[in-house]
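Below, each value reflects all heavy atoms present in this structure, side chains not excepted, and no hydrogens, waters or symmetry copies. Order of the sequence lines fixes the chain letters, A, B, ..., with proteins taken first and strands second; residue numbering starts at 1 for each chain.
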Protein chains: 2
Amino acid sequence: MTELEGAILTLLYMEGAMTSYGVRRAFLDSPSSFWSASAGAIYPALRRLEEAGLLIATDASRGNRPAKSLRLSESGKASMLEWVKNVSTAIGPGFDPFRLRAPVWIKLEPEERKALKAELETGVVERIRAIDALDPGHPDALRHALERVQQETRLEWIRKTL
Amino acid sequence: MTELEGAILTLLYMEGAMTSYGVRRAFLDSPSSFWSASAGAIYPALRRLEEAGLLIATDASRGNRPAKSLRLSESGKASMLEWVKNVSTAIGPGFDPFRLRAPVWIKLEPEERKALKAELETGVVERIRAIDALDPGHPDALRHALERVQQETRLEWIRKTL
DNA sequence: CAGAGCATGTAAAGTGTTACATGATTTA
DNA sequence: TAAATCATGTAACACTTTACATGCTCTG
């Protein structure tokens with residue numbers, strides 16, 4: 001199971017049934033650049049999950065517009081739970097573009113480094129403000145809170161170390 | 001430029017010239033599950049970078065064993081610097097398998113949640129100890145330090161929230 | 001009622017993974 | 001000297017991105 005497939009299953013578990021485009025929109029709304037949410041990734045993944053019996057589709061056309069509502073099957077729920085409970089994958093460091101670039105920042109010429117430091121600080125502060133402006137009742141509120149901690153950690157590192 | 005290509009360029013910038021396998025071994029040693037470091041990803045990426053003129057290869061065969069030494073060209077260094085200084089990409093949240101799974105953990109049955117909490121706590125504590133055991137003179141020491149902060153943040157969240 | 005955006009996809013090309021292959025060198 | 005592992009790849013398959021296509025529905 002890819003991370004995208006796992007993420008789709010958790011989305012349907014957390015938020016209940018939705019259409020294919022609803023799934024796609026949820027990824028489009030995600031701030032992470034990791035999720036491009038391109039149609040060519042989402043729709044084939046949904047088809048794979050449906051063919052594997054993890055998702056059940058029921059017709060939900062409204063008027064002339066065709067649509068299908070997707071929900072987790074029992075085996076889909078079981079697969080999702082197995083996936084989320086895999087500790088070694090869950091605690092891996094994942095992918096952090098900030099951590100990947102930081103060692104090079106340290107080696108920049110002083111004036112270039114200072115300029116970049118200011119840009120990074122502004123960007124992170126803005127991002128924290130944007131998170132604070134989000135609806136605390138949003139289904140992704142917990143993820144936003146976790147991203148906020150990450151951004152605060154970065155801000156502290158920028159100020160103290162860069 | 002993909003993140004893998006950018007990471008290869010930063011590696012050669014930080015550590016100087018090395019062979020193809022040296023590049024691959026650096027990714028194999030990385031703790032992040034994001035870098036599979038499969039030969040089928042690394043070697044084609046190196047070929048692309050060389051064809052684009054960002055890397056220069058010189059023969060470095062030893063005895064009967066063929067090998068080439070790879071180093072950054074001037075345009076390779078310029079591309080790498082442009083890549084690391086892209087602020088909006090650098091401050092994106094990236095991909096965090098922990099954050100992706102956390103909302104589901106919260107919804108588990110109490111006894112299941114408690115068991116998982118213990119497993120996660122043990123795993124993260126072990127990972128922190130493993131980082132502490134690493135050589136502080138390692139070229140990736142800064143990245144290790146940043147991962148350590150991430151793991152400490154997770155540990156605190158596990159203890160306080162999960 | 002025309003244009004913007006909603007909703008659902010497909011096709012080609014690029015990238016990554018898994019598995020295999022080959023010969024060189026080190027180590028027990 | 002046999003086995004392990006170093007070092008360098010390739011091939012088939014899977015997945016993602018980019019670009020395109022199609023018709024519907026709302027809004028000014």
Side-chain angles (χ1 to χ4, degrees), chain A residues 1-9 11-12 15 17-30 32-52 54-55 57-70 83 89 92 94-95 97 100, chain B residues 1-9 11-12 15 17-30 32-52 54-55 57-70 83 89 92 94-95 97 100:
Chain A
M1 174 130 53
T2 65
E3 290 292 302
L4 175 59
E5 289 165 352
I8 289 171
L9 295 182
L11 174 68
L12 289 166
E15 303 197 34
M18 64 179 72
T19 65
S20 305
Y21 186 70
V23 171
R24 187 173 174 218
R25 204 181 40 233
F27 286 98
L28 285 172
D29 295 345
S30 162
S32 174
S33 60
F34 183 78
W35 305 115
S36 79
S38 58
I42 302 285
Y43 289 101
L46 290 172
R47 184 161 24 81
R48 288 196 299 275
L49 291 169
E50 194 183 335
E51 279 168 7
L54 305 183
L55 296 185
T58 52
D59 186 64
S61 302
R62 277 173 49 84
N64 277 5
R65 156 121 1 148
K68 55 185 177 180
S69 178
L70 297 168
W83 181 80
T89 305
F95 171 74
L100 181 55
Chain B
M1 174 131 51
T2 65
E3 290 293 302
L4 175 60
E5 289 164 352
I8 289 171
L9 295 182
L11 174 67
L12 288 166
E15 304 197 34
M18 63 179 73
T19 64
S20 305
Y21 186 69
V23 172
R24 186 173 174 218
R25 207 181 37 232
F27 286 98
L28 284 172
D29 295 344
S30 162
S32 173
S33 59
F34 184 77
W35 304 116
S36 79
S38 58
I42 303 285
Y43 289 101
L46 290 173
R47 183 161 25 80
R48 288 196 299 274
L49 291 169
E50 194 182 336
E51 280 168 6
L54 305 183
L55 295 185
T58 53
D59 186 64
S61 302
R62 278 173 47 85
N64 277 2
R65 155 119 8 141
K68 55 184 178 180
S69 178
L70 298 167
W83 180 80
T89 306
F95 171 72
L100 181 55

Check: Can you check whether B/Gly94's main-chain N or O pairs, donor with acceptor, with A/Ser32's side chain at less than 3.5 Å?
Finding: yes
[X] has an atom [atom1]; how far is it from atom [atom2] of [N], in whole Å?
| X | N | atom1 | atom2 | answer |
| --- | --- | --- | --- | --- |
| B/Phe27 | C/dG16 | CZ | C1' | 14 Å |
| A/Met18 | C/dC6 | CE | P | 17 Å |
| A/Ile42 | D/dC15 | CD1 | P | 14 Å |
| B/Met1 | C/dT15 | CE | C1' | 15 Å |
| B/Leu4 | C/dG16 | CG | C1' | 9 Å |
| B/Glu5 | C/dG16 | CD | C1' | 12 Å |
| A/Leu28 | C/dG5 | CG | P | 14 Å |
| A/Asp29 | C/dC6 | CG | P | 11 Å |

Below 4.5 Å, heavy atoms only, C-beta onward: do [X] and [Y] meet side chain to side chain?
| X | Y | answer |
| --- | --- | --- |
| A/Leu70 | A/Ser20 | yes |
| A/Leu54 | A/Glu5 | no |
| A/Leu9 | A/Met1 | yes |
| B/Leu100 | A/Phe34 | no |

Note to self: I want to check one thing: is the phosphate of C/dG16, taken as OP1 and OP2, less than 4.0 Å away from some side-chain N or O of B/Ser36?
What the structure shows: no
Item checked: Residue met sooner reading DNA chain D from 5', once A/Thr2 and A/Ser38 are mapped to nucleotides -> A/Thr2
Distances for protein N or O near nucleotides 5-10 of chain D N or O, under 3.5 Å:
from	atom 1	to	atom 2	distance (Å)
D/dC6	O2	B/Arg65	NH2	3.3
D/dA7	OP2	B/Arg25	NH1	3.2
D/dA7	O4'	B/Arg65	NH1	3.0
D/dT8	OP2	B/Tyr21	N	2.6

Report, one line per pair, each donor and acceptor closer than 3.5 Å where one atom sits in a side chain of residues 21-29 of chain A; sequence neighbours left out.
from	atom 1	to	atom 2	distance (Å)
A/Arg24	NE	A/Ala37	O	3.0

